[in-house]
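See structure below.
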Amino acid sequence: MMDRISLKRSIKLGSFRAKFILVVGGAVLFDLLVSGGLALWNVQRLSRDATLEVGQGLEAASQDYIRTYADSTAAQVSLLLRQVHNDVGTLAGVLQAQIDDPERNLDVGAAIARTSPDSVRLVYDQKGNWSQNVPGSVSVVSVWGYLLKPDHSPRPDVEADIQTSAVLDLVAPSLLQHGSSKLQMYYIGSKERPIFRTAPYTDQAQTFDRLYPGHNDANFWNFFFPGLYESWQSWAANMNSRPVADDITQTAPYTDAITGKLIVSFFHPLWTADRRDVAGAAGADITLDQLAETVENVKVAQSGFGFLAMSDGNVVAINRTGEETLGLRSASDTSGTGVTGLERSLKGSSQPEIAKMALDREQGIQHLLLERNGQKVPYIVIVKKLPATNLWSSGPVRQEAMSLVLAVPEREIDASLYAAQAKISEATNRIVLYQILAIAMSLAIVTIAVLAASKRITSGISALANAARRIQTKDYSVRVAIASKDEVGEAGEAFNRMAEEISFHTENLEQLVEERTAQIEDAKEEISTLNAQLQRENRRLGTELAVAERIQLMVLPLHQELDELQALEIAAYMRPAEEVGGDYYDVLKSGNRLKIGIGDVAGHGLESGVLMLMVQSVARALQEAGNVDAVKFLTDLNSALFKNIVRTKIDKHLTLAFLDYDGKEMILSGQHEEVIVIRTNGEIERIDTMDLGIPIGLQADISQFIRTRRIAFEQGDLILLHTDGVTEAENDAGELFGIDRLCVEALRTKNESADKVVSEIVAALMHFIGSQKIHDDITLLAVRHR
């Protein structure tokens with residue numbers, strides 16, 4: 001418990017070690033999960049593939065097994081039937097030889113009568129009206145009443161047949177003991193004398209009387225096997241008329257009169273010596289038990305079974321399990337003539353899929369759902385056709401090919417498949433479990449390794465972090481000991497040097513503070529001295545500016561001067577952007593002549609104001625000197641200013657224009673802003689001054705650049721002069737007032753007095769500027785012809 005607590009304390013969330021563990025552990029965990037997941041996925045896929053392959057293989061093997069089993073069983077049945085055919089054929093061969101050689105036939109009959117008189121000595125039965133030899137002979141021969149003379153002795157031809165047929169006693173015992181198991185073998189005479197000799201000896205006639213009353217009143221062949229004899233007679237006429245190229249004729253199952261068992265008889269017709277007619281038949285009986293035994297021995301899986309069926313669906317042989325599974329019902333056909341047959345047809349099956357199953361052809365493996373104990377159980381069924389044979393059932397002989405059918409529950413035949421799948425699933429689960437355990441063990445080992453490695457790798461960084469925290473608590477004596485020689489070790493050494501320096505500076509901090517305080521005091525005293533000096537300088541400059549401003553205002557025309565003008569009405573407005581502006585305007589009067597000037601010194605401030613005063617002084621002097629030529633006036637003014645500018649080293653110049661009015665005409669000279677003339681009829685004339693001069697103060701002689709322009713100035717006309725401070729004034733949106741807006745305002749106030757014109761335009765200008773700062777000097781003059 002203590003170890004876990006200490007581990008939690010040592011590994012804090014957000015620490016480098018925690019991040020290291022998270023990153024490295026996450027990477028390893030991701031790798032293990034991916035590799036483990038891929039391994040598990042591959043195992044699962046391999047298991048599915050193996051299950052599929054095994055399933056397909058076992059299913060194919062099972063079906064091959066069923067086919068092989070069906071072929072083998074069919075071969076056994078065919079072999080049994082073939083053996084019976086051979087035995088009957090052997091007996092028929094002996095009897096046919098007797099017929100073909102009459103003399104030897106009589107000798108053989110006489111010899112047997114001598115050696116075995118019981119085989120030919122008959123005793124008449126009054127009640128049954130037949131004669132039969134006494135017991136003690138190998139065979140029993142029955143002679144029916146219609147073959148006897150009135151004295152109850154056999155007719156001569158019948159007597160001869162009784163003796164010659166005794167040869168059966170020589171052959172039948174051996175055939176009965178060897179070859180296939182047979183119930184009995186017999187000879188039946190021709191239709192003219194149908195005596196019936198059978199081996200072994202039984203109460204033959206007595207049994208017939210009990211089972212077939214009245215049989216002695218009709219011909220044997222017609223009573224028991226109607227149509228059979230006639231079929232053979234047709235064969236004698238044309239052997240190609242046989243349904244199957246074989247003389248053996250097989251009967252449908254019927255009840256044996258002697259044994260009471262269900263039997264199948266195999267007849268071989270005997271021919272007359274000339275082969276033109278039938279001379280009787282040799283026969284053998286086998287019980288259905290023998291056929292059933294063959295098919296009953298079929299045991300496929302646990303409850304699989306086989307059965308033998310005729311082409312009409314009548315089941316000849318089947319075991320009890322199969323009969324119950326197929327839902328067959330057995331019945332004896334006693335409605336017609338002939339021997340009593342067996343009716344156990346598939347068409348009467350309670351299983352619908354069995355009732356409609358076709359037996360006329362082989363269809364390979366079939367899958368049927370049979371009801372069993374109230375459930376639908378899937379069965380695998382295979383039909384195997386047996387070799388065709390001649391069959392008598394009733395009437396003419398026909399061709400018949402019985403079918404051997406095997407039926408096996410699919411779940412039993414697939415039991416091995418399920419077992420294999422279970423084994424594969426078990427093996428897969430075991431592998432998956434081992435894989436998960438391996439991943440878990442790998443995770444545990446990796447976790448332990450990551451924890452150990454993280455502790456070793458991050459120990460240096462943790463030591464640095466702890467030392468840094470101690471530095472924060474002002475423990476400057478802390479040092480770290482990092483043994484590694486990597487970047488962390490270098491960081492530890494740097495930290496130790498830094499800690500030593502911090503410790504050194506901390507210990508000498510008081511002295512350093514005193515030194516720094518003295519330096520700050522000295523700097524403070526120096527700043528105070530400089531501030532005092534600056535304040536004095538500011539006061540001096542302020543005084544100078546105030547003087548300059550005062551002087552600049554003093555030289556502007558007085559209102560009474562302007563009011564004294566009789567021909568012209570003049571109003572002016574000037575607002576410097578700073579204390580001292582650079583704009584100039586003046587109205588000079590000399591006799592009847594007026595000179596109206598307006599100028600703008602580049603920039604503003606004291607130097608601009610001084611230059612403006614120079615212009616005013618020189619212009620006044622030239623006006624007073626009687627200089628009336630506009631070109632010469634500007635040339636002389638420029639010459640005087642240029643010299644002062646050179647002397648004072650004022651790096652400035654100005655635009656300057658004059659209007660000269662002599663009471664008759666107005667003359668414009670010099671370069672400045674556009675001059676706006678508003679006529680009494682509302683027309684506006686804008687006069688560009690760019691070609692009338694150049695800025696003053698740029699060069700010593702500007703006479704060649706000065707031009708004049710006469711301006712028609714009728715009574716009521718209004719002239720506006722302005723500096724660029726008017727048109728370049730900005731509002732809050734950064735828009736300029738502009739020359740067009742000035743013209744609009746001038747036109748709006750054209751009928752007002754000059755003072756009103758100036759005040760209205762200035763008011764509109766100030767409204768336009770709003771709270772925006774005035775960046776340049778503003779000067780506006782209105783001159784109206786009275």
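For reference, positions follow the sequence shown, starting with 1.
Contact check for Met574 versus Asp777: no side-chain heavy atoms found under the 4.5 Å cut-off. Taking the side chain as every heavy atom from C-beta outward, Ser639 and Asp701 never approach each other to under 4.5 Å. Ile676 has its side chain within reach of Ile678: a pair of non-hydrogen atoms, C-beta onward, lies under 4.5 Å apart. You'll find the side chain of Ile667 stays beyond 4.5 Å of the side chain of Leu659, heavy atoms only. In this structure, the side chains of His722 and Leu781 stay at 4.5 Å or more apart for every pair of heavy atoms. Between Leu594 and Leu588 there is no side-chain heavy-atom pair separated by less than 4.5 Å. At least one side-chain heavy atom of Met666 sits less than 4.5 Å from a side-chain heavy atom of Ile719. A heavy-atom distance below 4.5 Å is not found between the side chains of Val615 and Met612.
With sequence neighbours excluded, no residue forms a side-chain hydrogen bond (donor to acceptor under 3.5 Å, both in side chains) with Glu569. Among residues two or more places apart in sequence or in another chain, the salt bridge (charged side-chain N to carboxylate O under 4.0 Å, His left out) test is passed with Asp724 by none.
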Begin from the C-alpha positions of Glu521 and Glu525 and carry the test side chain to side chain contact (heavy atoms under 4.5 Å, CB included) through to its verdict.
CA-CA 6 Å; Glu521 289 296 332; Glu525 184 176 356; over 6 Å; no
Do Val783 and Ile596 pass the side chain to side chain contact (heavy atoms under 4.5 Å, CB included) test, and can you show the C-alpha distance, the side-chain angles, and the key distance before you say yes or no?
CA-CA 9 Å; Val783 181; Ile596 304 169; 3.9 Å; yes
Test side chain to side chain contact (heavy atoms under 4.5 Å, CB included) on Lys652 and Ser608 and set out the steps.
CA-CA 7 Å; Lys652 291 183 180 297; Ser608 298; 3.4 Å; yes
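Of all heavy-atom pairs spanning Val757 and Glu752, the tightest one is CG2-O, 3.7 Å. Asp732 and Ser771 get closest at one heavy-atom pair: OD1-OG, 3.3 Å. Shown here for Asp660 and Ala630, the closest heavy-atom pair between the two residues is OD2-CB, 3.6 Å. A pairwise comparison of heavy atoms in Arg679 and Glu685 identifies NH2-OE1, 2.6 Å as the closest pair. Counting all heavy atoms, side chain and backbone alike, Arg479 lies closest to Ala499 at NH1-CB, 3.5 Å. Minimum interatomic distance between Ala729 and Phe768 (heavy atoms only, all atoms of both residues): O-CE2, 3.6 Å.
For the pair Glu745 and Arg748, the salt-bridge criterion is met [side-chain N within less than 4.0 Å of a carboxylate O]. Ion pairing between a basic and an acidic side chain is recognised when a charged N comes within 4.0 Å of a carboxylate O; Glu501 and Arg497 show no such pairing.
Checked options Leu656, Ile598, Leu613; the residue passing with Tyr584 is Leu656 (criterion: side chain to side chain contact (heavy atoms under 4.5 Å, CB included)). Between Phe658 and the options Leu692, Leu668, Leu637, Thr708, a side chain to side chain contact (heavy atoms under 4.5 Å, CB included) holds for only Leu637.
For the residue pair Thr723/Asp583, the side-chain donor-acceptor check at 3.5 Å is satisfied. Asn627 and Asp636 share a donor-acceptor pair across their side chains, judged by distance under 3.5 Å alone. Ser753 and Asp755 share no side-chain donor-acceptor pair at under 3.5 Å. Using a 3.5 Å distance cut-off with no hydrogens or angles, the side chains of Thr689 and His672 do not pair a donor with an acceptor. Side-chain contact annotation: Gln772 with Asn731, donor-acceptor N/O pair under 3.5 Å absent.
With values rounded to the nearest 0.5 angstrom, Leu698 atom CG is found 11.5 Å from Leu641 atom CG. Of the inter-residue distances, the one linking Arg784 atom CZ with Lys750 atom NZ reads 8.5 Å to the nearest 0.5 angstrom.
Asn592 CG: 12 or fewer foreign heavy atoms inside a 6.0 Å radius.
When atom types are taken as modelled, the side chain of Asn638 and the backbone of Gly697 share a donor-acceptor pair closer than 3.5 angstrom.
A cation-pi arrangement is present between Lys595 and Phe633 under the rule of less than 6.0 angstrom and at most 45 degrees off the ring axis.
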